[in-house]
> 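To start, I am sharing the structure in question, which I have written as structure tokens.
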Number of protein chains: 2
Amino acid sequence: MNTIADIAKIAGVAKSTVSRYLNGGSISDKTKKKIEKVMEETGYMPNTFAQSLKAKKTNIIGIIVPRLDSYATARTLIGIDEFLRECNYQMFVSNTSLDLEREIESILTLTKQKVAGIILLATEITERHIEIIKTIQIPVIVVGQEHQQLYSIVHNDYEAAYELGKYVLEQGHRKIAYLGVSEKDIAVGVKRKEGFKKAMQEIKGCEVKYFETSFKIAEALIKVPSIIKEYQPSMIVCATDNIAIGALKAAYMNGLTIPKDLSITGFGGYEVTEMMNPGLTTAKFFYQDAGRMAANSIVKLVNGEKISKKTLSKFKIIIRESVDKLNINQL
Amino acid sequence: MNTIADIAKIAGVAKSTVSRYLNGGSISDKTKKKIEKVMEETGYMPNTFAQSLKAKKTNIIGIIVPRLDSYATARTLIGIDEFLRECNYQMFVSNTSLDLEREIESILTLTKQKVAGIILLATEITERHIEIIKTIQIPVIVVGQEHQQLYSIVHNDYEAAYELGKYVLEQGHRKIAYLGVSEKDIAVGVKRKEGFKKAMQEIKGCEVKYFETSFKIAEALIKVPSIIKEYQPSMIVCATDNIAIGALKAAYMNGLTIPKDLSITGFGGYEVTEMMNPGLTTAKFFYQDAGRMAANSIVKLVNGEKISKKTLSKFKIIIRESVDKLNINQL
DNA sequence: CTGAAAGCGCTTACAG
DNA sequence: CTGAAAGCGCTTACAG
């Protein structure tokens with residue numbers, strides 16, 4: 001592996017000239033040719049460390065993800081990657097396996113590596129997050145959760161849940177189970193539930209019962225049968241598509257036909273929900289878009305531009321076949 | 001952001017002493033205490049570039065993935081990440097969006113960044129891959145595809161397909177459609193088909209017809225109805241779970257009941273196949289294991305240890321409900 | 001347009 | 001155990 005000094009010697013010029021060649025400084029055509037030739041012959045590759053050591057910054061954006069095996073993560077990463085490439089930035093992905101401790105660690109490690117900025121796909125924002133983000137001198141964008149003190153890109157969980165709730169009521173459902181997640185997760189656990197509640201409050205005589213589960217399909221599989229048995233709702237609104245997929249399977253295993261015997265909805269709009277049978281009605285979020293927005297924001301921050309604290313990503317209610325149309329008079 | 005020189009000055013020692021403190025060299029308890037104190041006060045963070053510039057190597061392993069939104073990729077990454085963390089290596093993920101040109105580029109970029117090794121989740125290995133991998137002086141492990149000249153971790157596609165083929169025959173199927181992918185993909189396009197063919201050849205009077213589609217669910221959705229209509233098989237063996245999911249949906253949309261009217265199998269063992277209705281019979285590969293194996297291999301190579309050119313990852317036929325048991329006499 | 005020199009922040013022999 | 005010095009490969013004023 002040869003260095004700029006080798007190239008200079010072979011080409012018979014000074015190191016600085018080679019450096020200038022590399023960085024688009026002004027050089028005569030003659031020396032340009034000479035250097036070009038040597039470059040090709042040697043297959044020279046600049047040492048990124050030496051470059052960064054001088055330049056004091058990199059074109060790398062660190063992305064911290066809670067998990068890799070998630071549709072939402074994958075799509076968001078694709079959006080980030082796409083946009084970053086267009087701006088000549090690279091992305092460095094760091095996985096934390098849903099461990100908040102590792103999230104903090106990752107922020108520190110990325111800082112050491114002098115990334116230009118950090119995008120955090122968040123699940124829960126703790127005091128320690130705020131603290132450390134203030135300490136490091138690097139811009140940070142949070143995706144999926146919001147916090148007054150941080151820049152964030154968030155899905156419109158509240159409105160999406162509200163719209164979905166209204167749709168469900170329009171279909172005549174009046175005895176509904178809402179299967180949510182822990183309120184530690186503000187976006188999924190709180191906002192979606194609140195939006196849904198608002199829709200429910202706008203109508204009289206609708207019975208709703210709230211249940212809680214984890215993000216795991218397997219847990220929904222276990223919880224749903226008892227909900228069906230004890231509460232006997234005409235529909236289960238699930239806080240994520242994965243929970244809905246578990247509910248769908250649980251219902252089938254208990255001999256129920258969807259949507260005739262039970263209606264089910266999700267949140268997310270994962271590709272596979274379209275392939276379920278019946279297709280799942282769900283509130284679709286545009287993860288890839290949100291990823292692009294996050295990338296756009298971080299690049300702006302890195303360049304010292306101003307951006308608004310919070311950006312909302314859009315959603316769409318996708319109506320498929322998993323919700324039955326009930327005749328209200330029959331109830 | 002302060003440097004080793006700042007720390008040294010504040011603590012009243014030499015830079016080299018601080019460096020020694022950082023790297024576990026021998027120092028007296030007294031100076032240790034002093035430095036420790038200053039470290040805490042300043043919140044010192046070493047500059048990774050300067051470290052790497054001297055040390056001439058990093059603890060980073062570059063991972064090149066063809067796509068991010070794939071179950072197989074995600075699981076493999078998890079396995080790699082897990083193992084690498086245990087060995088104090090970091091992973092740097094580079095996505096190519098199924099663009100072979102970008103794959104070559106990524107190898108070059110990672111080389112410039114002086115990664116210690118590269119793991120390539122491969123789809124197709126071209127001459128240019130071989131060429132460039134020979135050029136760079138960095139160990140490379142290929143996952144998912146094999147090549148005589150490269151180190152690889154491969155799934156046992158051939159045996160898996162053979163076993164699955166035998167199972168299908170045991171269930172009495174004698175008119176089978178095999179829905180595969182392009183033969184450019186040796187593992188999925190060739191090996192699986194070959195293994196399946198071998199099983200078919202061991203029995204007489206079985207009619208098999210081979211079809212081809214892409215990896216996309218949407219394409220399977222289009223192709224499958226015409227296969228059903230024109231060929232009327234009792235079963236469709238799909239080369240991936242995604243294709244099988246598309247087939248399942250297509251069958252439903254055409255009013256068929258699975259497995260009574262049509263049996264379907266896949267390859268992969270994606271988590272969601274268990275949640276389909278009916279559960280999909282499939283050849284499960286252990287992606288996370290394969291990821292760990294790849295990480296293990298690359299660490300060995302980086303440390304100059306010998307490893308075998310090719311390592312096989314295991315598989316398991318998962319029998320669920322998507323294959324009907326036929327009475328052969330009835331045929 | 002070109003070159004010599006200083007310096008980025010660290011590590012590592014080499015003396016003491 | 002500790003310090004002074006050289007050097008990793010590059011970039012960037014500063015002269016010429």
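So that the names make sense, note that chain A is the first sequence line, chain B the second, and so on, each numbered from 1.
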> With nearest nucleotides of DNA chain C determined for A/Lys32 and B/Arg20 from heavy-atom distances, which residue corresponds to the more 5′ nucleotide?
A/Lys32
> Kindly write out the residues that satisfy salt bridge (charged side-chain N to carboxylate O under 4.0 Å, His left out) with A/Asp185, not counting sequence neighbours, or none if the list is empty.
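Checked A/Asp185 against salt bridge (charged side-chain N to carboxylate O under 4.0 Å, His left out); zero matches.
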> How would you label the contact of B/Ser19 with the nucleic acid (heavy atoms, under 4.0 Å): base, sugar-phosphate, or nothing?
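The answer is base, as B/Ser19 lies within the cut-off (heavy atoms under 4.0 Å) of a base atom.
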> Closest-nucleotide mapping onto DNA chain D: is A/Thr3 or B/Ser16 further toward the 5' terminus? I mean the 5' end.
B/Ser16
> Please list, chain by chain and in numerical order, all residues satisfying ring pair (Phe, Tyr, Trp, His ring centres under 6.0 Å) with B/Tyr71, sequence neighbours excluded.
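Residues passing ring pair (Phe, Tyr, Trp, His ring centres under 6.0 Å) with B/Tyr71: B/Tyr270.
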> Scan for ring pair (Phe, Tyr, Trp, His ring centres under 6.0 Å) pairs involving residues 80-124 of chain B, sequence neighbours excluded, and state none if there are none.
A/Phe92-B/Phe92
> What pairs of residues pass the salt bridge (Lys or Arg N to Asp or Glu O under 4.0 Å) test when at least one of them lies in residues 302-312 of chain A, not counting sequence neighbours?
A/Glu146-A/Lys310
> Which part of the nucleic acid, if any, lies within reach of A/Tyr21 when heavy atoms closer than 4.0 Å are counted: base, sugar-phosphate only, or nothing?
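The residue A/Tyr21 makes no contact with any strand.
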> Please classify the nucleic acid contact of B/Ser52 as base, sugar-phosphate, or nothing, using heavy-atom distances under 4.0 Å.
nothing
> Within the 4.0 Å heavy-atom criterion, would you say A/Leu53 contacts the bases, only the backbone, or no part of the nucleic acid?
base
> Can you give me the first and the last nucleotide of DNA chain C (5' to 3') that has an atom within less than 4.0 angstrom of a non-hydrogen atom in chain A?
C/dC1 to C/dG9
> Dot-bracket for DNA chain C, 5' to 3', with Watson-Crick and G-U pairs under 3.5 Å, [ ] for crossing pairs and | for other-strand pairs: what is it?
|||.||||||||.|||
> More 5' along DNA chain C: A/Lys30 or A/Lys15, using each one's nearest nucleotide?
A/Lys30
> Checking A/Lys37 now: which residues fulfil salt bridge (charged side-chain N to carboxylate O under 4.0 Å, His left out) with it, not counting sequence neighbours?
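Partners of A/Lys37 by the salt bridge (charged side-chain N to carboxylate O under 4.0 Å, His left out) criterion, ordered by chain and then number, come out as A/Glu41.
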> Salt bridge or not for B/Arg85 and A/Asp99, using N-O below 4.0 Å?
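No, this pair does not count.
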> If the condition is ring pair (Phe, Tyr, Trp, His ring centres under 6.0 Å), which residues does B/Tyr151 pass it with, not counting sequence neighbours?
none
> The criterion is salt bridge (charged side-chain N to carboxylate O under 4.0 Å, His left out); which residues satisfy it with A/Glu82, sequence neighbours excluded?
A/Arg292
